[in-house]
2 protein chains.
Amino acid sequence: MSTEEKILQAAMDIFLEKGLHGTKMQEIADKAEINKAMLHYYFRSKEKLYAHVFEIVFKHVFEELHQIFTSEESFETQVHTFVNKYIDLIKNNPRIPLFIIRELGQGGEVAANTFKNAIAAENYMLPHSFIVAAKNAVETKQIKPVDPRHLLITLLGSCVFFFIAEPMISVFLNNDPSFNREMFINQRKNEIINVLLNGIKP
Amino acid sequence: MSTEEKILQAAMDIFLEKGLHGTKMQEIADKAEINKAMLHYYFRSKEKLYAHVFEIVFKHVFEELHQIFTSEESFETQVHTFVNKYIDLIKNNPRIPLFIIRELGQGGEVAANTFKNAIAAENYMLPHSFIVAAKNAVETKQIKPVDPRHLLITLLGSCVFFFIAEPMISVFLNNDPSFNREMFINQRKNEIINVLLNGIKP
DNA sequence: ACTATATTTAACCAATTGGTTAAATTATAT
DNA sequence: ATATAATTTAACCAATTGGTTAAATATAGT
């Protein structure tokens, strides 16, 4: 593993866990087992290193989800697949939602730039492929007329909000001593699919 | 205005804008026009002052929304009112969603404690009143059988996600040169109400 | 072998910042 | 009026931390 790769790996681990401001350059250097000066040698500044990591994480999420809406399946099936895959992805990478949310909470400049670059490069454009698929579904009367932009926001918000707000939500859910997180997340998939697909039926 | 009030007012303004870590004690002191030592004299530490502010903000949001689901209206009307009021509240206090999100992004310890205290005091318990209302609506067949906990999460996520993710979403929405934020937010209310109420119709 | 270039290290620096303290001022009670 | 307690101020402190630098070491090209 080259020094640069060691840095990126360590930086990703720690930025994902602690965000931009919670992460210290020395901590990344320690984890990568290299001298702190190497961080600046390879990546100039903390912000640049962070932006680098953000882009990798962002790509990882959006590339996979983007593809779903370019398939030949029915729109209903696509939404079904989307919810399952998105929530599974979060379950397997539980740090990702908070990582992105923290970035947005800082003002989201890095996120906005990453997004702009993705649009310019015409890459992994989830919003675009979703909106094309949804428009088509409206035209072919698979679903009733809805604004695809709003539908996408509702879908994303429904999937991700639990994981963002979990520190507070879990206080309430744990009032029930038999509460089981794993089971609840699986129910969550079905409830989202049920309510939303039902809500847009023609 | 007493020194203590001046501090709280200034702290609220700045914490709301910049979050815990973005806010400097000196900045609060300057805005309140008092000596920095007074902050510690009245509130001991930055964290304690922050927690104080968080509780005030949190109460402000949840008290108003809580009441909706204690009314005698039909559940459908209550949901309608909730979406309109919640989104209006955010429009009038645009810093609030990011403020709470930033707190959750830091781990949400302060948020969790505030929430626990609210439960213990049996105060402004939005989740409780919502779940009672939704259960009742299921039993009286006003809506089809859904898990009220999931419905609440879907509802909150749908309302708030746009404002959280706006730095990214707006990059995409602004591709359309005629995009109008004010109009879009009003549409957002109706789309949420339409899709969700339709989704839970018996 | 020698030179130029790239990489690595350890020591250092300047700025920031939450918090403290001792002395000064003001308010309160007797 | 005087003692006591509460409030306010200015100066100070220690720790943190992103970033720099000059010298040392390794690598590659000729």
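Not measured: the values here are computed from a predicted model.
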**Request:** Please check if any side-chain donor atom of Thr154(B) sits under 3.5 Å from a side-chain acceptor atom of Glu191(A), or the reverse.
**Result:**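 No, no side-chain donor-acceptor pair sits under 3.5 Å.
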Separation of [N] [atom2] from [X] [atom1] (nearest whole Å):
{"X": "Met38(A)", "N": "dT9(C)", "atom1": "CE", "atom2": "P", "answer": "7 Å"}
{"X": "Glu27(B)", "N": "dT17(C)", "atom1": "CD", "atom2": "P", "answer": "9 Å"}
{"X": "Asp30(B)", "N": "dT9(D)", "atom1": "CG", "atom2": "P", "answer": "12 Å"}
{"X": "Tyr41(A)", "N": "dA22(D)", "atom1": "OH", "atom2": "C1'", "answer": "15 Å"}
{"X": "Leu39(B)", "N": "dT8(D)", "atom1": "CG", "atom2": "P", "answer": "12 Å"}
{"X": "Gln26(B)", "N": "dT9(D)", "atom1": "CD", "atom2": "C1'", "answer": "12 Å"}
{"X": "Ile34(A)", "N": "dA10(C)", "atom1": "CD1", "atom2": "C1'", "answer": "14 Å"}
{"X": "Ile28(B)", "N": "dT17(C)", "atom1": "CD1", "atom2": "C1'", "answer": "13 Å"}

**Request:** Classify the ring geometry between Phe62(A) and Phe58(A) as parallel (under 30°), tilted (30 to 60°) or perpendicular (over 60°).
**Result:**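 The rings of Phe62(A) and Phe58(A) lie parallel, inter-plane angle below 30°.
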**Request:** Tell me what Tyr42(A) touches on the nucleic acid: a base, only sugar-phosphate, or nothing, going by heavy atoms under 4.0 Å.
**Result:**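 Contact class for Tyr42(A): sugar-phosphate only.
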**Item:** Pair Tyr50(B)-Glu103(B), side-chain hydrogen bond (donor to acceptor under 3.5 Å, both in side chains): steps then yes or no
**Value:** CA-CA 10 Å; Tyr50(B) 171 76; Glu103(B) 160 56 22; 2.7 Å; yes
**Item:** Candidate pair Glu27(B) and Lys31(B), rule salt bridge (charged side-chain N to carboxylate O under 4.0 Å, His left out), full reasoning
**Value:** CA-CA 6 Å; Glu27(B) 203 184 346; Lys31(B) 178 143 197 170; over 6 Å; no
**Contact list for residues 166-189 of chain A, test salt bridge (charged side-chain N to carboxylate O under 4.0 Å, His left out), sequence neighbours left out** =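 Sorted pair list: Asp88(A)-Lys189(A), Lys91(A)-Glu182(A), Glu166(A)-Arg181(A).
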Distances under 3.5 Å between nitrogen or oxygen atoms of protein and nucleotides 19-21 of chain C:
from, atom 1, to, atom 2, distance (Å)
dG19(C), OP2, His40(B), NE2, 3.3
dG19(C), OP2, Lys46(B), N, 2.8
dG19(C), N7, Lys36(B), NZ, 2.6
dG19(C), O6, Lys36(B), NZ, 2.5

**Asked** Hey, can you pull the residues of residues 12-24 of chain A with a non-hydrogen atom under 4.0 angstrom from DNA chain D?
**Response**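 Those residues are Thr23(A), Lys24(A).
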**Request:** Identify the residue among Ile90(A), Leu89(A), Val61(A) that makes a side chain to side chain contact (heavy atoms under 4.5 Å, CB included) with Pro97(A).
**Result:**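 By the side chain to side chain contact (heavy atoms under 4.5 Å, CB included) criterion, Pro97(A) pairs with just one of Ile90(A), Leu89(A), Val61(A): Ile90(A).
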**Atom pair CZ (Phe54(B)) and CE (Met12(B)), whose distance is rounded to the nearest 0.5 Å** =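 Separation between the atoms: 12.5 Å.
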